[in-house]
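Following: one structure in structure tokens, then a few remarks.
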Amino acid sequence: MSGPVIELIGARKTYHSGDLEFEALRGIDLQVHEGEYLAIMGPSGSGKSTLMNILGCLDVLTDGEYRLGGEDVSQLSEAALAQVRNRRIGFVFQQFHLLPSLSALRNVELPLVYGGIGRAERHDRAVAALSKVGLEQRLHNRPGELSGGQQQRVAVARALVGEPTMILADEPTGNLDSTSTDDVLGLFDELNDAGRTIVLITHEHDVARRAERVALVRDGQITESAEVAA
Ligand SMILES: Nc1ncnc2c1ncn2[C@@H]1O[C@H](COP(=O)(O)OP(=O)(O)O)[C@@H](O)[C@H]1O
Ligand SMILES: [Mg+2]
């Protein structure tokens, strides 16, 4: 595939509540190339989560265009968007979002269940993903039996297991101590070195510095985009 993995062209998002309108994204142009590691920063209320929801196909634009892997996903139905999410995007959230009653292994298998992958292959791929994040000894533990850092590594394994086009992380270290933060950021470094595209949303400069490029969002617009010095 040539061209960017992500392309936003004049992206606008307006929220309506009653008679009030609020323009949360006000004409964003953004390209992310295959294998790039981009951090998105900005103050609270600037539109970061709105942008993340758009990039993750969890919501659609009011105006403008979103092309993901060369496919125009701006006008897709809810069902079609769900398919695109499952096929192309691995999510990592601040709150981990693991299912508490399922083992690490079952949590990581879940996206493959939705993807219609058979039992044996599901198992093997989930074990491989958990091994990649250093949790091969924790396959059968539930989230409550794991530390915060380990839970986030399970979430990274779950994000990886479907071989997504990109990993989209919203404040993935927001609930972690500094050691676990280093662990998770180290994993992202490895994934990126292996060619994965990563988009990471954070308000921490130390975290953003790990990316190759930082884009600054302010009042629903990208006001700055700069390479991070090596
Ligand atoms: N569902 C919604 N309805 C109305 N306004 C919203 C909604 N979601 C977000 N907003 C508004 O859009 C702006 C951007 O929000 P958000 O994307 O969550 O910012 P950030 O993640 O940078 O803090 C904020 O002013 C917020 O109040
Ligand atoms: Mg937010």
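Atoms considered below: every heavy atom in the structure, side chains included; atoms not considered: hydrogens, waters and symmetry mates. Counting convention: from 1, in listed order, for ligands and their atoms alike.
Of the N and O atoms on the side chains of Asp177 and Ser180, at least one donor lies less than 3.5 Å from an acceptor on the other residue.
Looking at Ser77, its side chain does come within 3.5 Å of a backbone N or O of Ala80 through a donor-acceptor pair.
In the displayed structure, Arg142 atom CZ is contacted under 6.0 Å by at most 12 heavy atoms of other residues, nucleotides or ligands.
The immediate protein surroundings of ligand 1, defined as residues with any heavy atom under 4.0 Å of it, consist of Tyr15, Phe22, Ala24, Pro43, Ser44, Gly45, Ser46, Gly47, Lys48, Ser49, Thr50.
Salt bridge present: Arg196 and Glu163 bring a charged side-chain N and a carboxylate O closer than 4.0 Å. Note on Arg67 versus Glu71: no salt bridge recorded, every NZ/NE/NH1/NH2 to OD/OE distance being 4.0 Å or above.
Coordination check, Ser49 versus the Mg ion (ligand 2): passed, since an N/O/S atom of the residue sits under 2.8 Å.
Qualifying ring pair (Phe, Tyr, Trp, His ring centres under 6.0 Å) partners for Phe93, counting only residues two or more places apart in sequence or in other chains: Phe91, His97.
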